[in-house]
Amino acid sequence: MDDTPVRVRFAPSPTGYLHIGGARTAIYNWAYAKNQGGSFILRIEDTDRQRSLPEHTAQILRSLRWLGLDWDEGPDVGGAFGPYLQSQQRLVYDQALTKLRQNDSVYPCFCTSAELKAKREAALAARTYTGYDRTCRFVDADEAARRIAAGEAHTWRIKLPLDRDAVAFDDLVFGHIKVGLEQLDDFILVRADGSPTYNFAVSVDDSHMRISHVIRGDDHLSNTPKQILVFEALESKVPAFAHLSMILGNDGKRLSKRHGATSLEFYRDTGVLPEALLNYLALLGWSLDGQTTLFDAECLKSAFSLQRVSKNPAIFDTEKLLWVNQAYLKRLSPQAFLDVWQPYLLEAGLLRGKTSVAQALALHNNAEESAVCPASKPIQEAVQADIEANREWYLQIPPLVVERVKLLAEVNGICAYLFCGDEVPFDERSIQKCLKPEGTTQLLNAAIDCLDTAEVPWRLEAIEQALRHLPQTLDVKPKLLFQAIRVALCGTMISPPLFESLILVGREFTLNRLRRAAAIAG
RNA sequence: GGCCCGUUCGUCUAGCGGUUUAGGACACCGCCCUCUCAAGGCGGAGGUCACGGGUUCGAAUCCCGUACGGGCUACCA
């Protein structure tokens with residue numbers, strides 16, 4: 001064992017939002033750093049100027065923070081190796097190149113892209129070696145210097161030590177890996193425009209930032225030998241490597257936009273709790289003990305180990321994520337639930353007693369889609385004020401809905417009827433089944449009589465007791481009566497618990513809804 | 001084409017040569033609970049451990065092939 005401090009890094013390229021796969025890589029790096037008492041570094045690999053956008057960087061940082069990750073060094077928090085943006089580290093790469101020129105590990109290559117492409121295609125057609133043929137490696141040093149001085153375009157290629165043994169390393173996840181030197185070629189380190197290529201930039205940065213463990217996607221497994229060669233040319237200590245298998249879509253193919261939801265923001269907007277996503281993602285390729293499914297960040301930090309990371313690619317299972325999310329929602333106190341639900345209430349502009357049939361209907365149908373346009377500012381303020389003024393009323397809702405919902409975005413739809421006034425949107429099938437049958441009007445009228453007396457206070461126990469006796473008196477099955485009341489109150493035969501709903505809707509609205517239903521009932 | 005990697009219930013996984021009639025979770029099915037739907041409780045079905053050879057007294061576990069899947073093979077990252 002050596003005592004070099006553990007320093008790991010997550011290095012996304014800002015060519016898009018943070019996706020599921022990147023998030024898991026970040027989580028594992030973070031968990032490993034925390035577990036080892038090391039540092040977690042965030043570095044933005046924006047060498048691809050065309051595709052890299054600052055807003056993507058901002059979005060990635062936001063997503064990581066939302067997930068609950070924190071880093072010791074990074075573009076927004078600083079550190080000894082700033083600014084943690086590859087595009088602004090040019091000097092570091094220039095210095096690295098200078099060093100390599102001094103110790104004779106590189107040489108200029110004057111071959112043009114067109115020439116290289118032609119050679120590669122010919123080699124491919126002939127089914128032979130497709131690597132660079134090292135033409136320029138044997139150009140006389142003085143001549144090379146002359147051509148450079150004359151301004152001839154050139155790249156810099158690594159000068160592989162031809163007498164070296166195979167490149168081998170012990171991957172912390174995949175185990176011993178060995179690649180013969182004949183499989184590698186004198187790849188380009190610095191482009192003709194002076195910018196570093198990926199394999200060079202990463203190695204220089206990892207070396208420069210004293211990264212001790214490189215934990216990343218296994219699409220880089222094959223790049224690792226090249227990077228080791230760069231580390232060696234740099235005369236730098238080679239870090240340990242741990243590669244993570246890919247996350248696949250439900251068709252077994254690499255996860256991409258094609259599979260729909262891959263961005264963290266989607267899950268955030270749709271109402272997945274960050275703790276739940278962290279938990280689920282951690283489970284995708286790692287296990288605590290093979291038994292435990294739910295664990296918090298603290299547990300992850302204290303138990304995470306690379307030895308328990310799986311080599312197999314994992315398919316992202318939305319169903320299980322939703323189950324995990326519901327488990328987390330159920331653990332929330334009513335107040336905590338209200339806190340995370342509140343943004344959805346505001347956006348929908350759900351106002352107690354003033355919610356229209358059309359609005360309730362829209363919420364019902366768009367349960368998961370936030371496609372509905374957000375409420376205006378004044379309405380949102382009104383909702384906010386109502387929540388503050390009637391906190392007790394709102395706090396009664398979470399227990400009624402948590403176990404019926406897997407995403408926060410579904411909550412409004414399932415309890416919109418609580419916010420309606422005298423009218424709720426009726427579901428046709430429910431009407432046919434529960435209101436239309438002969439004699440339903442009488443049942444509803446009996447319920448109205450039962451509730452509309454001063455002796456029955458509008459409290460749960462009193463109302464439940466009163467209504468529970470009714471079926472007996474009327475000599476009908478309880479279900480018949482309760483379903484009729486349910487449809488009258490909620491508009492559908494599927495809803496949160498009935499008696500609690502009556503309480504929340506209130507005497508006035510409840511009685512009016514019952515009367516309206518009685519009027520159309522059979 | 002070359003090289004590297006992977007392969008345990010539909011899915012995520014436990015398993016690191018005998019304690020395994022292969023364990024858990026999601027999904028699925030049934031029963032119970034019940035004012036609906038959920039949630040919960042209980043139970044069930046589902047894996048010849050990709051396939052074929054070895055090694056061994058003994059293999060999901062070690063070795064070698066084959067098949068399938070993935071990655072790399074760019075002046076992309």
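These numbers come from the heavy atoms of this one structure, side chains and all, not from hydrogens, waters or symmetry mates. Order of the sequence lines fixes the chain letters, A, B, ..., with proteins taken first and strands second; residue numbering starts at 1 for each chain.
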(message) Go nucleotide by nucleotide along RNA chain B from the 5' end; which of A:Asp46 and A:Ser495 gets its closest nucleotide reached first?
(response)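 Whichever sits nearer the 5' end wins; that is A:Ser495.
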(request) Could you check A:Arg24 against A:Cys109 and say which one's nearest nucleotide on RNA chain B is further toward the 5' end? (result)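 Looking at the nearest nucleotide for each, A:Arg24 comes out on the 5' side.
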Please state the [atom1] separation for the pair [N] and [M] - nearest whole angstrom.
N	M	atom1	answer
B:rU8	B:rC3	C1'	28 Å
B:rC37	B:rU7	P	44 Å
B:rC63	B:rC9	C1'	27 Å
B:rG52	B:rA14	P	25 Å
B:rG6	B:rC42	C1'	39 Å
B:rA45	B:rC26	C1'	15 Å
B:rG54	B:rA60	P	15 Å
B:rC68	B:rC51	P	15 Å

Using only side-chain N and O atoms of [X], determine if any of them is under 4.0 Å from OP1 or OP2 of [N].
X	N	value
A:Arg254	B:rG71	yes
A:Arg120	B:rA74	yes
A:Arg468	B:rC35	yes

So [X], base contact, sugar-phosphate only, or nothing? Heavy-atom distance under 4.0 Å.
X	answer
A:Arg216	nothing
A:Ala192	base
A:Pro225	nothing
A:His220	base
A:Ser113	base
A:Thr155	base
A:Asp219	sugar-phosphate
A:Thr47	sugar-phosphate
A:Pro497	base
A:Tyr280	nothing
A:Leu283	sugar-phosphate

(request) Using the ring of A:Tyr93 (Phe, Tyr or Trp, six-membered ring only), decide whether A:Arg90 places NZ or CZ under 6.0 Å from its centre and within 45 degrees of its axis. (result)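 No - A:Arg90 does not lie over the ring of A:Tyr93 by the 6.0 Å and 45° rule.
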(request) Report yes or no: is the cationic atom of A:Arg24 (NZ for Lys, CZ for Arg) closer than 6.0 Å to the six-membered ring centre of A:Tyr28, at no more than 45° off its axis? (result)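 That pair qualifies as a cation-pi contact.
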Please determine, for the side chain of [X], which listed nucleotide ([options]) has the closest atom?
X	options	result
A:Arg51	B:rC12, B:rC37, B:rA77	B:rA77
A:Phe482	B:rA77, B:rA27, B:rC35	B:rC35
A:Gln291	B:rA25, B:rG23, B:rU36	B:rG23

Can you measure [X] atom [atom1] to [N] atom [atom2] for me and round it to whole angstrom units?
X	N	atom1	atom2	answer
A:Tyr28	B:rC12	OH	C1'	10 Å
A:Lys119	B:rC75	NZ	P	12 Å
A:Gln472	B:rC35	CD	C1'	15 Å
A:Lys479	B:rC33	NZ	C1'	14 Å
A:Leu329	B:rG40	CG	P	13 Å
A:Arg308	B:rC12	CZ	P	17 Å
A:Leu160	B:rU73	CG	P	15 Å
A:Leu443	B:rC35	CG	C1'	14 Å

(request) Show the numbers, then the answer: is there a side-chain contact (heavy atoms from CB on, under 4.5 Å) between A:Tyr32 and A:Asn29? (result) CA-CA 5 Å; A:Tyr32 186 72; A:Asn29 270 285; 5.9 Å; no
Pair assignment for [N], Watson-Crick or G-U wobble, requiring both distances under 3.5 Å:
N	result
B:rG1	B:rU73
B:rG18	B:rC57
B:rG65	B:rC51
B:rU36	none

(message) Any salt bridge linking A:Asp218 with A:Lys311? Criterion: basic side-chain nitrogen under 4.0 Å from a carboxylate oxygen.
(response)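 Answer for the salt bridge query: no.
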If you count heavy atoms of other groups shown closer than 6.0 angstrom to [atom1] of [X], is the number above 12?
X	atom1	value
A:Glu461	CD	yes
A:Glu55	CD	yes
A:Asp165	CG	no

(request) Would you indicate whether the side-chain heavy atoms of A:Met246 and A:Leu255 approach each other to under 4.5 Å? (result)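 No; the side chains remain at least 4.5 Å from each other.
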(message) Regarding B:rA39, can its base be found pairing with the side chain of A:Lys330 as donor and acceptor, where the two atoms are less than 3.5 Å apart?
(response)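 When only heavy-atom distances are counted, A:Lys330 does not reach the base of B:rA39 through any donor-acceptor pair under 3.5 Å.
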(request) Assign the ring pair A:Phe231 / A:Phe241 to parallel, tilted or perpendicular, where the plane angle (0 to 90°) is split at 30° and 60°. (result)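 Ring orientation of A:Phe231 relative to A:Phe241: perpendicular.
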(request) Check the angle between the aromatic planes of A:His243 and A:Phe174 and answer parallel, tilted or perpendicular using the 30° and 60° thresholds. (result)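 The rings of A:His243 and A:Phe174 sit tilted, inter-plane angle from 30° to 60°.
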(message) Treating primed atoms plus P, OP1 and OP2 as sugar-phosphate and everything else as base, which nucleotides of nucleotides 1-7 of chain B get B, S or - for protein heavy atoms under 4.0 Å?
(response) BSSSSSS
(message) Considering only residues two or more places apart or on different chains, which pairs with a residue in residues 463-500 of chain A satisfy ring pair (Phe, Tyr, Trp, His ring centres under 6.0 Å)?
(response)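 Every ring pair (Phe, Tyr, Trp, His ring centres under 6.0 Å) pair that includes a residue of residues 463-500 of chain A, provided the two are not neighbours, is A:Phe482-A:Phe499.
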